[in-house]
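To start, the structure itself, in C-alpha cells.
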Amino acid sequence: MASLQTRPLDLADEATATAVYRVGRAAYAVEAELIGFDGIPALRESLADLRTRPLNWLGALSADGGLAGFVAWEEAPGSAVGVDRLCVDPAWFRRGVASLLLGRLLTGVLSGRRVTVTTGAANAPAVALYERHGFVRGADFSPVPGLRMASFSRPAALPVQAGRDA
C-alpha cells in the first residue's frame with residue numbers, strides 16, 4: 001500500500017502509546033460486535049497495562065503520520081512467535097492495512113519462524129486474512145463462556161501471499 005509506511009513503534013513515547021491505545025480500542029469494539037462478545041480483554045486494558053506488555057510493535061502510518069494500524073507480537077528465541085494483536089483503525093478498514101502489516105511481519109523479523117495467532121472464531125474478516133496468509137486453522141476453544149476463539153499457526157518456511165483485507 002503506497003500511501004502507508006511501516007515502522008517499529010515505541011510505546012515509551014506518550015503520543016505513540018496513546019495512538020496505539022485509541023486504535024486498539026476502536027478495532028476491538030468492532031470485533032466485539034462481530035463476535036457478539038464484549039468481554040475481550042483488550043477492551044478492559046488500561047493504557048498503563050498496554051505499555052507494560054512485553055511486546056514488539058510495528059505500525060502502519062499514513063503520510064500525515066496518523067496510525068492506521070499496528071501488529072504486536074511476543075518473541076521467544078528458537079520457538080514459535082505469538083501474534084498478540086493486529087488492529088486497524090476502523091477508518092482504514094478494507095484498504096489492505098492488515099495485509100500490509102502481516103506481510104511485513106512475516107517477511108521481516110519473523111521470516112522463517114513459526115507464527116501462531118488467535119482471533120474470535122466469528123470474526124470472518126480476520127479468519128480470512130490469516131488463511132490468505134498461509135495460516136492453518138487449528139482447534140477452536142472457549143477461554144470463557146460465550147467466547148469461541150479460533151487458533152491458527154503458520155509453518156516456518158511458508159512464502160508470504162500478497163492480498164487485500166477481507
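Computed from a predicted model, the values in this text were never measured in an experiment. Index from 1, following the sequence.
Here the CG atom belonging to Asn123 is positioned 7.0 Å from the CD1 atom belonging to Ile35, to the nearest 0.5 angstrom. Atoms OG and CD, from Ser62 and Gln5 in turn, are 10.0 Å apart once rounded to the nearest 0.5 Å. With rounding to the nearest 0.5 angstrom, the CG atom of Leu58 is 9.5 Å from the CZ atom of Arg7. Rounding to the nearest 0.5 Å places CG of Leu61 at 6.5 Å from CG of Leu9. In this structure, OG1 on Thr116 lies 12.0 Å from CZ on Phe152, to the nearest 0.5 angstrom. The structure places CG of Leu47 at 12.5 Å from CZ of Arg22, a figure rounded to the nearest 0.5 Å.
Taking 4.5 Å as the limit, every side-chain heavy atom of Val81 sits out of range of all side-chain heavy atoms of Leu105. Looking at heavy atoms from C-beta onward, Phe37 lies in side-chain contact with Val144 at the 4.5 angstrom threshold. Residues Val127 and Thr119 are in side-chain contact: their nearest non-hydrogen atoms beyond the backbone lie under 4.5 Å apart. Inter-residue side-chain proximity for Trp92 and Leu4 is flagged as met; some heavy-atom pair is nearer than 4.5 Å. Between Pro125 and Phe93, the closest side-chain pair of non-hydrogen atoms is not below 4.5 Å. Put simply, the side chain of Leu86 does not reach to within 4.5 Å of the side chain of Val117, judged on heavy atoms.
Under the 4.5 Å side-chain contact rule for hydrophobic residues, Val23 and Leu43 do not share a cluster. Clustering ILVMFWY residues whenever any of their side-chain heavy atoms sit less than 4.5 angstrom apart, transitively, puts Val20 in a cluster other than the one holding Val71. In this structure, Leu102 is not a member of the same hydrophobic cluster as Leu55, with clusters built from ILVMFWY side-chain heavy atoms closer than 4.5 Å. Grouping the Ile, Leu, Val, Met, Phe, Trp and Tyr side chains by contacts below 4.5 angstrom, directly or via other members, places Leu110 apart from Phe70. A continuous path of hydrophobic side-chain contacts links Val83 to Leu100 [ILVMFWY only; heavy atoms under 4.5 Å].
Taking both residues in full, the closest heavy atoms of Ala60 and Val97 are given as CB-CG1, 4.0 Å, listed atom of the first, atom of the second, then distance. In plain terms, the two heavy atoms of Ser99 and Leu129 that are nearest each other are OG-CD1, 3.4 Å. Among all heavy-atom pairs drawn from Ser151 and Phe141, the shortest one is CB-CE2, 4.2 Å. The two residues Arg148 and Ser142 have their closest heavy-atom pair at CA-OG, 4.0 Å. Residues Ala121 and Arg137 approach most closely at CB-NH2, 3.5 Å, considering heavy atoms. Contact between Gly134 and Pro155 at its shortest, heavy atoms only, is O-CD, 4.1 Å.
When atom types are taken as modelled, the side chain of Glu75 and the backbone of Asn56 share no donor-acceptor pair closer than 3.5 angstrom. In this structure, Arg154 contributes its side chain and His133 its backbone to a donor-acceptor pair below 3.5 Å.
Sorted by first and then second residue, the pairs that involve residues 40-51 and meet salt bridge (Lys or Arg N to Asp or Glu O under 4.0 Å), not counting sequence neighbours, are Glu14-Arg51, Glu45-Arg53, Glu45-Arg85.
Using cut-offs of 30° and 60° on the angle between ring planes, the pair Phe135 and Tyr130 is perpendicular.
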